[in-house]
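Here's the structure, in structure tokens; my notes come after.
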Amino acid sequence: MKSRKLIEQLFKEGKSFSVQPIRVYWMLSPPNSNTSYLQFGVAAGTKHFKHAVDRNRIKRLIREAYRLQKIELQLKLKDANLHLNVFFIFTGKEVPDYKLVFEKTGIALQKLSEICVQSTSA
RNA sequence: GCUGCAAGCUAAGCUAUCGUUCCUGCUUUGGCGGGAGAGGAAAGUCCGGACAGCUCAGAGCAACGCACCGGUGAAGAGCCGGGUGAUGCCAAAAGCGUCAACAGAAAGUGCCACAGAAAAUAACUACCUCUUUGGAGGAAAAGGUGAAAAUGUGAGGUAAGAGCUCACAACUUUUUAUGGCAACAUACAAAGUGGGUAAACCUUGCGUGCUGAAAUGCCACAUAAACCGUCGCCUGAGAGCGGCUCGUUCAAUGACGGAGGGUAGGCAGAUUGAUUGCGCAGUGCAAAUUGCGUAACAGAUAAAUGAUAGCUCACGACAAAAUCCGGCUUACAGGCUUGCAGUAAUU
RNA sequence: GGUCCGGUAGCUCAGUUGGAUAGAGCAUCAGCCUUCUAAGCUGAGGGUCAUUGGUUCGAAUCCAAUCCGGAUCA
């Protein structure tokens with residue numbers, strides 16, 4: 001997700017849940033012809049991480065974990081013919097190691113695919 | 001040898017798989033291949049520029065900044081060299097090191113608690129003269145207070161005293177001479193003895209137009225050239241020239257203010273330039289610089305360097321570009337080099 | 001990316017411009033009052049004035065650098 005407008009809309013109108021220490025904002029919409037089924041963004045706050053090095057590190061870890069586990073969600077979205085915007089915010093206070101991030105991101109993505117299935121059946 | 005402190009240099013490497021930003025080649029436009037991809041501080045934003053815009057920005061005042069001299073450089077509150085002063089080591093000198101906002105207190109104003117008579121045109125005790133014994137006058141040596149008390153010592157001098165006079169010494173200012181580009185140093189002479197504070201106001205000299213890539217130009221998309229208030233329509237509302245005054249330029253599908261609406265996409269700016277490293281030669285005490293050769297140089301825009309596995313070792317610190325450069329400051333594991341201090345053993 | 005402001009007792013703040021005793025309220029502790037508590041009254045303790053250096057006889061205050069916190073500019 002690269003558009004500032006989209007991100008503002010997501011925080012304003014989207015829904016959220018948290019898988020400590022990650023908070024997930026998401027919003028389903030009918031698919032756009034130009035964009036793909038899934039758009040994604042990451043952030044780590046300046047409040048807990050003063051140094052840019054730490055923020056970059058966290059964002060890279062989440063991005064990597066997301067990359068390796070996103071395929072299932074993508075498939076489900078394609079089946080349901082839906083577009084999903086997701087934003088991951090890291091709310092913890094210490095720099096995590098990769099294993100934790102991988103695990104938690106997996107849980108979050110699973111939850112998202114459940115939501116996806118529910119919305120299609122409803 | 002060990003420990004501590006300071007300064008400088010360096011800032012783990014390799015292989016495989018997947019992934020990522022930019023460039024590039026091919027392409028069936030799905031992709032595939034190749035190349036490049038954070039730092040010595042990228043940080044703080046403390047200085048100085050480049051660059052861009054403001055109708056190229058005038059004068060005076062104000063404001064702000066700088067303040068020994070020379071060099072360096074695009075420039076500077078940087079760096080280098082020198083001078084002067086302070087200070088540490090040392091018994092002292094010399095020497096070595098460290099530090100300095102280092103113009104002016106003899107233009108003016110203010111301030112200097114407590115103590116003390118008095119904190120700046122001095123007079124409490126004590127001193128001397130006169131006296132009606134209340135005091136009046138003279139003088140500034142001695143005492144004590146304080147961070148600081150009217151230059152110090154000796155002699156003359158006097159009623160007592162006093163740079164009042166003289167000698168020596170200290171310091172300040174000025175003239176001249178010599179050395180030095182200069183700051184300044186040395187010597188001689190003259191005048192003088194003014195307490196401190198300018199990191200209090202200030203004075204003097206020099207300098208500064210302002211804003212800051214969220215600058216700025218272009219393209220695309222969108223809306224409200226609507227509404228309310230004030231003023232004005234060439235006898236000038238108002239705006240620009242950073243603040244004020246003058247001056248000057250512009251100014252009528254007007255200007256200012258209020259409330260509100262729309263957009264927030266793309267391209268340029270933008271990354272090869274006062275560039276950086278290395279080698280050789282030249283100039284210079286040095287900072288630095290000239291010539292030749294050679295090598296290197298990211299460019300994102302919710303923002304690219306990560307994950308996994310394996311190997312080696314000292315087991316990896318501080319820390320991430322955001323327009324770009326030159327400095328300064330701060331952070332920093334381990335390793336290497338140098339210096340200083342302490343200590344143990346041996347010779 | 002730029003600009004501006006702040007840091008004083010456990011907490012909230014004065015004092016900073018204009019230099020010489022570091023203060024107020026709440027909280028804490030002790031005593032008085034009360035049968036006891038609260039309230040009230042009296043007293044006490046508690047401070048590297050963010051850090052380091054400089055100017056000065058003397059610095060919370062002036063100056064410089066650093067650290068931390070906050071605000072603001074489309």
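For B:A200, the glycosidic angle deviates from 0 by more than 90°, giving an anti base. The glycosidic torsion of B:U72 lies more than 90° away from 0, placing the base in the anti range. For B:G254, the O4'-C1' to base torsion is more than 90° from 0; the nucleotide is therefore anti. Taking the O4'-C1'-N9-C4 or O4'-C1'-N1-C2 dihedral as appropriate, B:G49 has a value more than 90° from 0 and is therefore anti. Its glycosidic angle being more than 90° from 0, B:G196 falls on the anti side.
Counting non-hydrogen atoms under 4.0 angstrom, A:Arg57 reaches the backbone sugars and phosphates but no base. Counting any heavy atom pair closer than 4.0 Å across all strands shown, A:Leu61 reaches sugar-phosphate atoms only and no base atom. Contacts of A:Ala43 with the nucleic acid, taken as non-hydrogen atoms under 4.0 Å apart, are absent.
Distance CD (A:Glu64) to C1' (B:C18): 8 Å, rounded to an integer number of Å. Protein atom CG of A:Leu68 is 11 Å distant from nucleotide atom P of B:U20, rounded to whole Å. Across the protein-nucleic acid pair, A:Ile71 atom CD1 and B:G19 atom C1' stand 12 Å apart, rounded to whole Å. At whole-Å resolution of the value, CD1 in A:Ile62 and C1' in B:U305 are 17 Å apart. The interatomic distance linking A:Arg55 (CZ) with B:A304 (P) rounds to 12 Å, in whole Å. Atom pair A:Lys59:NZ and B:U305:C1' shows a separation of 14 Å (rounding to whole Å applied).
Between B:U305 and A:Arg60, a contact under 4.0 Å exists linking OP1 or OP2 to a side-chain N or O. Distances shorter than 4.0 Å separate some side-chain N or O of A:Arg63 from OP1 or OP2 on B:A304.
Nearest to the side-chain atoms of A:Asn56 among the listed nucleotides B:A304, B:C18, B:A321 stands B:A304. Checking B:G306, B:A319, B:A321 against every side-chain atom of A:Val53, the shortest atom distance belongs to B:A319.
The nearest heavy atom of RNA chain B to A:Arg67 and to A:His51 marks one nucleotide each, and the one closer to the 5' end goes with A:Arg67. Both A:Tyr98 and A:Phe40 lie near RNA chain B, and the one whose nearest nucleotide falls closer to the 5' end is A:Phe40.
Nucleotides B:C201 and B:G110, compared at atom P, are 16 Å apart to the nearest Å. Comparing B:A214 with C:U3, their P atoms are spaced 14 Å from each other, to the whole Å.
The CG atom of A:Asn85 sits 11.5 Å away from atom CH2 of A:Trp26, with the distance rounded to the nearest 0.5 Å.
Taking the six-membered ring where tryptophan is involved, the planes of A:Phe88 and A:Phe40 are perpendicular, since the angle between them exceeds 60° and thus also 30°.
Using a 4.5 Å cut-off on side-chain heavy atoms (C-beta onward), A:Val24 and A:Ser16 make no contact.
Here the side chain of A:Gln69 pairs a donor or acceptor atom with the backbone of A:Ala65 at under 3.5 angstrom. Remark: the backbone N or O of A:Phe49 is paired with a side-chain donor or acceptor of A:Arg55 at under 3.5 angstrom.
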